[in-house]
Amino acid sequence: EKMKVVLKFLKKRNLYFLDSRTSSKSVAKKCADEVKIPFAQNDLFIDNTSDISQIKKQIKKGIHIAKKRGYAVIIGHATRKQTAQALYEMKNKLNECRLVKISELIAKRSKK
């Protein structure tokens with residue numbers, strides 16, 4: 001019920017909800033469907049570790065998800081030096097995908 005209150009508040013303001021899925025017990029998708037609010041959820045955290053090679057592996061995994069499904073929502077910490085370095089080193093690989101704002105992805109998916 002608390003999640004529905006939050007989602008209804010966002011919907012009244014023409015906003016959307018992004019579930020980072022930090023909990024496997026998230027009810028956000030179910031509630032978003034019921035409230036009929038634009039919604040997306042995280043597919044992959046890229047930097048649960050500060051190891052650049054591990055972050056790069058996660059980026060490759062995210063690209064694979066995006067190619068297979070047509071999109072992927074990937075979350076990383078923009079302020080982490082290692083994440084920035086890994087993304088920089090993967091810039092050519094990232095060109096295989098089109099990076100978009102989450103609002104653009106949600107808008108496109110909402111039209112379907």
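Keep in mind that what you see is a predicted model, and the values were worked out from it rather than measured.
The CD1 atom of Ile74 sits 5.5 Å away from atom CG of Leu44, with the distance rounded to the nearest 0.5 Å. The CZ atom of Arg69 sits 4.0 Å away from the CG atom of Asp43 when rounded to the nearest 0.5 Å. Once rounded to the nearest 0.5 Å, the distance linking CG of Asn48 with CD1 of Ile75 reads 10.5 Å. We find the CD-NZ distance between Glu34 and Lys30 to be 4.5 Å, quoted to the nearest 0.5 Å. Taking CD from Gln58 and OG from Ser53, the interatomic distance works out to 11.0 Å, rounded to the nearest 0.5 Å.
Evaluation of the side chain to side chain donor-acceptor pair (under 3.5 Å) test over residues 7-24, restricted to residues two or more places apart or in two chains, returns Asp19-Ser26. Residue pairs meeting the side chain to side chain donor-acceptor pair (under 3.5 Å) criterion with at least one partner in residues 81-98, sequence neighbours excluded, are Asp47-Thr83, Lys56-Glu89, Lys67-Glu96, Gln85-Glu89, Tyr88-Lys91, Lys93-Glu96, Arg98-Glu104.
Of all the heavy atoms in Gln41 and Val73, the pair that sits closest is O-CB, 3.3 Å. Residues Gly62 and Ala72 come closest through the heavy atom pair O-CB, 3.7 Å. Nearest heavy atom pair, residue Asn42 against residue Leu18, reads N-CD1, 4.3 Å. Residue Cys97 comes nearest to Ile63 through the heavy atom pair SG-CG2, 3.7 Å, listed as atom of the first residue, atom of the second, then distance.
No path of Ile, Leu, Val, Met, Phe, Trp and Tyr side chains, each step under 4.5 Å between heavy atoms, connects Ile52 with Leu94, placing them in separate hydrophobic clusters.
Listed by chain and number, the hydrophobic cluster partners of Val35 are Met3, Val6, Leu7, Phe9, Leu10, Leu15, Phe17, Val27, Ile37, Phe39, where partners are ILVMFWY side chains within reach of under 4.5 Å, directly or through others.
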